[in-house]
Amino acid sequence: MSTAPRQRRSWTRAVMGTQVSLHLRGHRVDTDPAVEPAVAAVFGHLRTADELFSTYRPDSQVSAIRRDELPRDRWHPWVTEVVALCEEARERTDGYFDPWRLPGGFDPSGLVKGWAVENAAAHLARLCGYDHYLNAGGDIAARVHTARAPAWRVGVEDPGDPAAFLAVLDLRTGGLATSGTAARGAHIVDPHTGRHTSNLLSVTVTGPTLLWADVFATAAFARGGNVTRWITALAPGYEVAALARAP
């Protein structure tokens, strides 16, 4: 039996209403004492984000804001940051991302997961010489530490056939986000009309940051139409990497 150390490890936890998986590659991943504390910090960060932002938890700050029970001067600093980012996202997407015009009240979920995953992955920066891949229900933050390191291979699920892929993509350093109907059904609406998009099943966006890939994927799905051209013009450096249209 081989006793050679592994060069890759993975962890999976249920957080933020989904399965979150973390993968690390590196020559000392089995023995480096800094690995486990960094991994714990990643999942701890995501649990705190869920406690603050979940619309399903009545004790979250977002739920209190939706009930108009939490004045701005009592907001957690993360909530203040996310609200400012939501305002910026609304401007950058011509209002197709607008968490204030959704059924049920303010809902920043289309930004929060990407923001939280990206910031959680920053805890891995203390690890020297490792590649990482953090996937929260299809929102992925990735990094490879050298040009010679292989890319992470990402399969984008076909919403019409869960056993098939729309595409298999190479992801090096940056983010990938998918918005669509596969996991939660028709839950994304066009904020301008209040209606569900009818001509798309999923949109996958890649780019330098997961936060904005997530925002642009949500906005593109809400908008519909020629989203590939729209994203390219809206946000240089970001692109639609996979797209499924309704039959």
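All values below come from the heavy atoms of this structure, side chains included, with hydrogens, waters and symmetry mates left out. We're numbering straight along the sequence, starting at 1.
A salt bridge (Lys or Arg N to Asp or Glu O under 4.0 Å) check over residues 37-57, counting only residues at least two apart or in different chains, returns the pairs Asp50-Arg57, Arg57-Asp59. For residues 238-247, the side-chain hydrogen bond (donor to acceptor under 3.5 Å, both in side chains) pairs, not counting sequence neighbours, are Thr209-Tyr238. The list of salt bridge (Lys or Arg N to Asp or Glu O under 4.0 Å) pairs with a residue in residues 144-154, not counting sequence neighbours, reads Arg153-Asp170.
Residues satisfying the side chain to side chain donor-acceptor pair (under 3.5 Å) test with Ser54, not counting sequence neighbours, are none. With sequence neighbours left out, Thr204 forms a side chain to side chain donor-acceptor pair (under 3.5 Å) with Thr178. Under the side chain to side chain donor-acceptor pair (under 3.5 Å) criterion, Arg90 pairs with no residue at all, not counting sequence neighbours. With sequence neighbours left out, the ring-ring contact (aromatic ring centres under 6.0 Å, His included) criterion links His123 to His45. Applying the side chain to side chain donor-acceptor pair (under 3.5 Å) rule to Trp115 yields the partners Glu81; only residues at least two apart in sequence or on another chain are considered. The ring-ring contact (aromatic ring centres under 6.0 Å, His included) test applied to His145 returns no partner, not counting sequence neighbours.
If you chain together ILVMFWY residues whose side-chain heavy atoms come under 4.5 Å of each other, Phe165 ends up grouped with Val168. The hydrophobic cluster containing Leu169 also includes Tyr133, Ile140, Val144, Trp152, Val154, Val156, Leu166, Leu171, Leu176, under a criterion of side-chain heavy atoms closer than 4.5 Å among ILVMFWY residues, counted directly or through chains of members.
Panel note: side chain Arg143, backbone Ala122; no donor-acceptor pair is recorded below 3.5 Å. Remark: side-chain polar atoms of Arg223 are not paired, donor with acceptor, to backbone N or O of Thr93 under 3.5 angstrom. Counting only distance, with no hydrogens or angles, the side chain of Arg8 and the backbone of Val29 share no donor-acceptor pair below 3.5 Å.
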Using side chain to side chain contact (heavy atoms under 4.5 Å, CB included), reason through Tyr130 and Asp32 one step at a time and then give a plain yes or no.
CA-CA 11 Å; Tyr130 292 92; Asp32 188 340; 3.0 Å; yes
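Residue-environment remark: CG (Asp68) stays at or below the threshold of 12 foreign heavy atoms within 6.0 Å.
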Donor-acceptor pairs under 3.5 Å, side chain of residues 210-222 to any protein atom, not counting sequence neighbours: which ones?
from, atom 1, to, atom 2, distance (Å)
Asp214, OD2, Gly114, N, 2.9
Thr218, OG1, Ser179, OG, 3.2
Thr218, OG1, Asp214, O, 3.0

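Atom CZ of Phe43 is separated from atom CG of Leu134 by 6.5 Å, given to the nearest 0.5 angstrom.
Using a 4.5 Å cut-off on side-chain heavy atoms (C-beta onward), Val62 and Leu52 make no contact.
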